[in-house]
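Each remark here refers to the structure printed beneath this line.
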Amino acid sequence: MDFLAIEKKWQKRWEDEKLYSFDKSRMDKKYYVLEMFSYPSGAKLHVGHWYNFGPSDSYARFMRMNGYEVFQPMGFDAFGLPAENYAIKTGIHPQDSTLKNIATMEQQLKAMGASFDWDYEIKTCMPDYYKWTQWIFLQFYKKGLAYRKEAPVNWCPNCNTVLANEQVVDGACERCGTTVVRKNLTQWFFKITDYAEELLRDLDKLDWPEKTKLMQKNWIGKSTGGEITFDCENGESFKVFTTRADTIFGVSYVVLAPEHPLVDKLTTPECKAAVEAYKEACAKSSEIERLSTSREKTGAFTGSYCINPANGERVPIWIGDYVLYSYGTGAVMGVAAHDERDYDFAKKYDLLIRRVIRSKDGSDDSLPFCDYGVMVNSGQFDGLTTEEGKTKVVEWLAKTGHGQLKTNYRLRDWLISRQRYWGCPIPIIHCPHCGEVPVPESDLPVKLPYNVDFKPDGKSPLLKCEEYMNTVCPICGRPARRDPDTLDTFVCSSWYFLRYPDAKNDKMAFDPEIINKMLPVDKYIGGAEHACMHLLYARFFTKALRDLGYLKFDEPFTSLVHQGTILGPDGFKMSKSRGNVVSPDDYVSKYGSDAFRLYLMFGFSYVEGGPWNSNGLESIVKFMERVERLVKRSIDLGDKDGAFGEAEKSLNFVRHNTIRRVTDDTKQFSFNTAIARLMEFVNATYKYLDNTKDSNAKFTRDCIEDLVLMMAPFAPHFSEELNEMLGHKGSVFNRSYPTCDQKALVLDEYELAVQVNSRMKAKIVVPVDADENTIKETALANAQVKQAVGNMNVVKVIVIPKRLVNIVVK
RNA sequence: GCCGAAGUGGUGGAACUGGCAGACGCGCCGGACUCAAAAUCCGGUGAUGGCGACAUCGUGCGGGUUCGAUUCCCGCCUUCGGCACCA
């Protein structure tokens, strides 16, 4: 068969017949399959795209053949840093390069033969899409979910520009090598923390990989404890968050984050120089470095003291970079005796170390002692356990206004401002008289201007575009300026799944009537690297839009699957710099897209991925040819009915077992084993035809029909062709998936293993309905078993029906 | 460093909920067909020892629980994903 020719033939026919158009009248049978859309950074599809889209398309086709009205759209996450960097390097405008890349990718995606419905395509960089991204921003703004505050960015003092984390290499600017510092800018945030509790709680409802749910859970990072107020000697006060209020009588010092606003007020003149130097040093280290537990703890004394509200002691106030201003209150109490970090810190700076918790059984007197225990040296609380003490102490402090029980989350509000050009403009106008004014909805979209100088020179590119920046205030009509920043591209990708089913709507972001029927997404497929960010942001958007009244569901993605990563042949991640990038095009043009897809599905565990190896590809082609020969052989045989003897019964067992297994495996995205079962079925059919005189032509034909139907999702063009050879009119994808006949799977007897002292000794055959006693006796009567037992005593016989017998002897 | 995974023959990978480790492929070895080759088909293939029936070992390393561990627990090693401005 000429694989390349038939691919063209069927792709044309699919397109002419609009085979994959979503039929709205069957919405009650909808099944929304969504692959994470791609970022058009390179011009061509790489193996990773194929690995994401090919197998998931097979899954979509499988669901279609099982009677679902499958909705499988495709689009592009088109804004973002790479296009802008490319533009800076080459001078090619991001819009031009992006649209060109998209056009190429569209062609390639079509050539892949996936059943996407292109009528619903989305490109996030087009005004008809980002108009609604802006609209959502405004709804969030109105609801108080979007606000501005100061936050640090990576700043290159030489290029005078903000850098992405990716552009900071070993603390230095990737372009010029200058040491990067942290600098505060006023930026927009989404208040995702308002939803921390619900985002955490609803994880239980989701059919997602457990590891992903666990990662989100840890990312949200709920902890319960107390907020304790320390009064300073100069009249100021600050709060610390602690989960171990029971240790408060052991506080030896407190540490503020270097960025804490009180630091300047608390620093005494004699400590000023040291504190300033320390703060400057901190501006150079990244958060990951600061949080590293293996790094030496450092700090600087402010010269001031505060009062321990529990015992009235004077406590020195330090600053230290292991305290982050963005977590908790930006201040912690140091209890040297009962925390590793605090212990190291106190040792280094020679601070008080006082034990206030002893181990429960009194046996452990080493320090630091970080476990739960019993309070000592703690006044009236002596003798309480940690569990009791941590609430009792806070409740007691609350009486003097110095404590409050508190739940804290590690999750932070989402910083959405970007000082870049290639993104969605923020629909806010800054008026000297009226302040921050949202753009009226009737004025959307705020269009991203084309003629902009996006070279980095210290200012947001849009800031340099006067015709964009200058506008009038919607309230007072006087001259005003637009917000010069753009939105994080994660904002665009946090709602695209809502736009797809109503992608052409120019009156609203989406029609709730449609969306409430089409969503949630039934199966979402994409990389595990999105576990904590995109997948959390999309959940947040869904919940926020629900509370705004636009949706009636709580979660965007009911079921989630992560595909693995295909690595280069050398076992490393594919990258241009390593030179280990495998191009699918060469293989596709040689073997065809079906063979390529089939190989990706058979050669790897979908969830794992692994290093690329082209050896298996030719064997897949051989398998396809083997199937083709089998189909032809059946056609030559005709369809005359014949006897249904043992041979037929046996093949029929394999046939229906294959249907059962392939169905189950495909549902679980276990494509490699599904295809292995198809191979077994093909082998068994060959054996039947080769070894049976007067093989039953009609029965053979039935088997072949099932085979072709089962092959169809995995090798769509190939199976269409075989289906046509078998005399069917119309697409194989309009036929129904075969169903398993349970009667064919009923056997009279089965084989089970017998062990003696857990070592395999024999196999016995027992009737299907044999009880434990019969199985036990059959096993003990077996000659090999008798020999293995010899003259030892049988201590115990473990019988697990359908599995094995284990005879324990002494 | 922190959070989350993965590690199984020469090789890609199987193994349901703790129950016959290595399904299905690739490769390799042997055979059939052929003048020959390719293609195709058949058989074998974890390691070690033994003529053999068999025996012992074997799922990254070291311990443990269990009649029984690739699977559960404890401690390591290596690799990968993420760590909030790559998406």
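Within every chain, numbering begins at 1; the chains are lettered A, B, ... in the order of the sequence lines, protein sequences first and strands thereafter.
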Base-paired stems that RNA chain B participates in, counting runs of 3 or more Watson-Crick or G-U pairs under 3.5 Å: B:1-7 with B:77-83, B:10-12 with B:24-26, B:27-32 with B:40-45, B:46-49 with B:54-57, B:60-64 with B:72-76
- line: Of the listed B:rG1, B:rG25, B:rG4, the closest approach to the A:M215 side chain comes from B:rG4
statement: Letter by letter from the 5' end, nucleotides 38-60 of chain B scores (B base, S sugar-phosphate only, - none; protein heavy atoms under 4.0 Å) --SS-------------SSS---
query: What pairs with A:D690 under salt bridge (Lys or Arg N to Asp or Glu O under 4.0 Å), at least two apart in sequence or on another chain?
result: A:R633
message: Suppose we screen for salt bridge (Lys or Arg N to Asp or Glu O under 4.0 Å). Which residues come up paired with A:R182, at least two apart in sequence or across chains?
response: A:E287
Nucleic acid contacts - residues 412-422 of chain A versus RNA chain B, non-hydrogen atoms under 4.0 Å: A:R412, A:L415, A:S417, A:R418, A:Q419, A:R420
message: Enumerate the salt bridge (Lys or Arg N to Asp or Glu O under 4.0 Å) contacts for residues 145-154 of chain A, please, sequence neighbours excluded, ordered by first and then second residue.
response: A:R148-A:E436
- request: Could you pull out all residues at least two apart from A:Y496 that satisfy ring pair (Phe, Tyr, Trp, His ring centres under 6.0 Å)?
  value: A:F37, A:Y500
task: With sequence neighbours excluded, tell me which residues meet salt bridge (Lys or Arg N to Asp or Glu O under 4.0 Å) with A:E680.
output: A:R677
query: For nucleotides 65-80 of chain B, read 5' to 3', which letter fits each nucleotide if B means a protein heavy atom sits under 4.0 Å from the base, S means only the sugar-phosphate is that close, and - means neither?
result: --BS------------
Scan nucleotides 11-14 of chain B against the protein and return all N/O pairs shorter than 3.5 Å with their distances rounded to 0.1 Å.
{"from": "B:rG12", "atom 1": "O2'", "to": "A:G603", "atom 2": "O", "distance (Å)": "2.3"}
{"from": "B:rG13", "atom 1": "OP1", "to": "A:G609", "atom 2": "O", "distance (Å)": "3.3"}
{"from": "B:rG13", "atom 1": "O3'", "to": "A:N672", "atom 2": "ND2", "distance (Å)": "2.9"}
{"from": "B:rA14", "atom 1": "OP1", "to": "A:S605", "atom 2": "OG", "distance (Å)": "3.3"}
{"from": "B:rA14", "atom 1": "OP1", "to": "A:N672", "atom 2": "ND2", "distance (Å)": "2.9"}
{"from": "B:rA14", "atom 1": "O5'", "to": "A:N672", "atom 2": "ND2", "distance (Å)": "3.3"}

Partner set under ring pair (Phe, Tyr, Trp, His ring centres under 6.0 Å) for A:Y591, not counting sequence neighbours: none
- prompt: If you take atom types as modelled and just measure distance, does the side chain of A:Q187 reach the base of B:rC85 with a donor-acceptor pair under 3.5 Å?
  reply: yes
task: Test for a donor-acceptor pair under 3.5 Å between the base of B:rC3 and the side chain of A:R410, counting only N and O atoms.
output: no
Partner residues of A:K123 under the salt bridge (Lys or Arg N to Asp or Glu O under 4.0 Å) criterion, sequence neighbours left out: A:E106
